[in-house]
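First comes the structure, then the notes that go with it.
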Amino acid sequence: MRAINRGSQLSGGRQPSGKQPSLAQLRAFAAVAEHLHFRDAASAIGMSQPALSGAVAALEEALGVQLLERTTRKVLLSPAGERLAVRVEAVLDEVEALMEEADAVKAPFTGALRLGVIPTVAPYLLPTVITLVHEKYPDLDLQVHEEQTSSLLEGLTAGRLDLLLLAVPLGMPGVTELPLFDEDFVLVTPLDHWLGGREGIPREALKELNLLLLDEGHCLRDQALDICREAGRADAPVTTTAAGLSTLVQLVAGGLGVTLLPRTAVRVETTRSNQLLTGYFADPAPTRRIALAMRTGAARGAEYEELASALKEAVRPLPVRVV
């Protein structure tokens, strides 16, 4: 970050003269400017009258101008005092705003939380996340960004995002994973498919299926390909892809092939068509793990860990296994 020479910011590059005024001096002068009476001003800010008078005198010396006209009967603002009183009030208002903001930062679950979510999680988990935040953390300003994994990780490490909700493991230095749950994959087929609606499907069946996948860049595509390789499929020739799970499922309904869906997506995606059946794999079924991810050593790390614990409880009604 470029250092700023504050002296050079003054008009004409003029350097400030004298000492910098203190906040106590500014508050003392602001009180006198408001009450135009030393005793009343001192009482208003909880300062002795001699200390108040000394603070105002010290401010005049620091600024090099006379701020008050003192008589035996009353106190008046000098022309310079009238002009500078407005500035002093503005400075004190900004200091108060600074302290309020600092208090807000120190308070847990307040301010903005920029949450990045992958597309194969967002439609199915965000309702739970948003409900949790509204009910348990009402002062938290949740800001959601739906992006693919690589973009989310870039945003996290660059500081554009605070927390991610995505599939793991990531294996990325400087990123700490807070596991939430595991969920099985299911096989979605057209009505007339021989595996449609079956249970106990062996993984080896994937070797012969026309598997429809998401476009490159989606982690779910890579997970599906890994499952195929584990099932003994050397390659998975792809002739048709889709940008999202909704399109993928509609392609299955049209008879173009079959696909793998995470369990959390099944209710949302398969109820859009009556031309689909869902098959379940034999144990152990292929799974994926969903987690929150944060920068290692994040300043709000304790908050994120608490949020992960709360989110684990919130997802228990879903077809997942909390970890």
Side-chain angles (χ1 to χ4, degrees), residues 1-6 8-9 93-181 214-223 243-244 262 264 288-315 323:
M1 181 181 294
R2 182 172 60 88
I4 297 176
N5 183 345
R6 297 194 180 277
S8 66
Q9 304 303 308
D93 286 345
E94 286 300 316
V95 171
E96 183 178 357
L98 172 66
M99 299 305 294
E100 290 176 354
E101 186 69 18
D103 288 340
V105 169
K106 289 186 291 185
F109 297 105
T110 59
L113 173 59
R114 299 166 296 179
L115 177 68
V117 192
I118 55 175
T120 59
V121 164
Y124 322 115
L125 266 294
L126 279 180
T128 301
V129 173
I130 292 171
T131 299
L132 171 66
V133 169
H134 283 171
E135 293 180 354
K136 193 174 179 66
Y137 311 113
D139 295 325
L140 190 62
D141 177 18
L142 182 65
Q143 302 171 7
V144 177
H145 302 261
E146 183 183 33
E147 301 169 23
Q148 293 185 5
T149 299
S150 59
S151 177
L152 292 180
L153 289 172
E154 180 277 327
L156 183 69
T157 56
R160 177 173 60 85
L161 299 172
D162 303 311
L163 195 63
L164 307 182
L165 180 59
L166 73 178
V168 296
L170 300 169
M172 186 170 181
V175 175
T176 297
E177 300 169 9
L178 305 173
L180 299 174
F181 61 84
L214 292 174
D215 294 336
E216 291 187 5
H218 288 277
C219 61
L220 189 58
R221 172 194 174 96
D222 297 331
Q223 291 160 355
T264 52
R288 72 170 179 175
R289 174 162 290 187
I290 301 300
L292 291 175
M294 64 179 183
R295 289 183 297 276
T296 301
R300 300 173 71 181
E303 289 180 50
Y304 301 154
E305 291 175 1
E306 182 179 333
L307 178 61
S309 296
L311 191 51
K312 285 183 183 182
E313 295 305 310
V315 301
V323 295

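Numbering starts at 1 and runs along the sequence shown.
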- Query: Which heavy atom in Leu307 sits nearest to a heavy atom in Tyr137, and how many Å separate them?
  - Reply: CD1-CE1, 3.6 Å
- If you round to the nearest 0.5 Å, how far is OG1 of Thr149 from CD1 of Ile118? 5.0 Å
- Note on the structure: Between the CD atom in Glu177 and the CE atom in Met294, the distance rounded to the nearest 0.5 Å is 11.0 Å
- Message: Please check: side-chain N/O of Arg221 versus main-chain N/O of Asp215, any donor-acceptor pairing under 3.5 Å?
- Response: no
- For the student: nearest non-hydrogen atoms of Tyr304 and Leu113, plus distance: CE2-CD1, 3.6 Å
- Value rounded to 0.5 Å, distance of CZ in Arg300 from CG in Leu163: 9.0 Å
- Task: Look up atom CG in Leu152 and atom CG in Leu166, then write down how far apart they are to the nearest 0.5 Å.
- Result: 6.5 Å
- Is it true that a side-chain atom of Glu303 and a backbone atom of Pro108 form a donor plus acceptor pair closer than 3.5 Å? no
- Message: Donor-acceptor check, side chain of Asp162 to backbone of Arg114, threshold 3.5 angstrom: yes or no?
- Response: yes
- Query: What are the two closest heavy atoms between Pro127 and Ala122, and how far apart are they?
  - Reply: CD-O, 4.1 Å
- Message: Run the side chain to side chain contact (heavy atoms under 4.5 Å, CB included) test on His134 and Leu142 for me, step by step, so that the C-alpha distance in whole Å, both residues' side-chain angles and the decisive distance to 0.1 Å come before the verdict.
- Response: CA-CA 9 Å; His134 283 171; Leu142 182 65; over 6 Å; no
- Show your reasoning for whether side chain to side chain contact (heavy atoms under 4.5 Å, CB included) applies to Leu125 and Val315. CA-CA 8 Å; Leu125 266 294; Val315 301; 3.8 Å; yes
- Keeping the roles fixed (side chain from Arg295, backbone from Thr157), state whether a donor-acceptor pair exists under 3.5 Å. no
- Might you work through the side chain to side chain contact (heavy atoms under 4.5 Å, CB included) test for Val121 and Ile290, ending with a clear yes or no? CA-CA 9 Å; Val121 164; Ile290 301 300; 3.7 Å; yes
- Message: Give me the atom names and distance for the closest heavy-atom approach of Pro179 to Ala291.
- Response: CA-CB, 3.6 Å
- Taking atom NZ of Lys312 as the centre, does the number of heavy atoms from other residues, nucleotides or ligands within less than 6.0 Å exceed 12? yes
- Message: Check whether Thr131 reaches the backbone of Thr128 with its side chain - one donor and one acceptor, N or O, closer than 3.5 Å.
- Response: no
- Task: Could you tell me the separation between the CD atom of Glu147 and the CG atom of Leu161, rounded to the nearest 0.5 Å?
- Result: 6.0 Å
- Message: Please find the pair of heavy atoms, one from Leu214 and one from Gly244, that lie closest to each other, and give the distance.
- Response: CD2-C, 3.5 Å
- Could you give the distance from CG (Leu165) to CD (Glu146), rounded to the nearest 0.5 Å? 11.0 Å
- Item | Worked check of side chain to side chain contact (heavy atoms under 4.5 Å, CB included) between Val144 and Leu126 | CA-CA 9 Å; Val144 177; Leu126 279 180; 3.8 Å; yes
- Do Val323 and Leu180 have side-chain heavy atoms sitting under 4.5 Å apart? no
- Got Leu292 and Leu164 here, is their nearest side-chain heavy-atom distance under 4.5 Å? no
- Side-chain touch Phe109/Lys136, heavy atoms, less than 4.5 angstrom: no
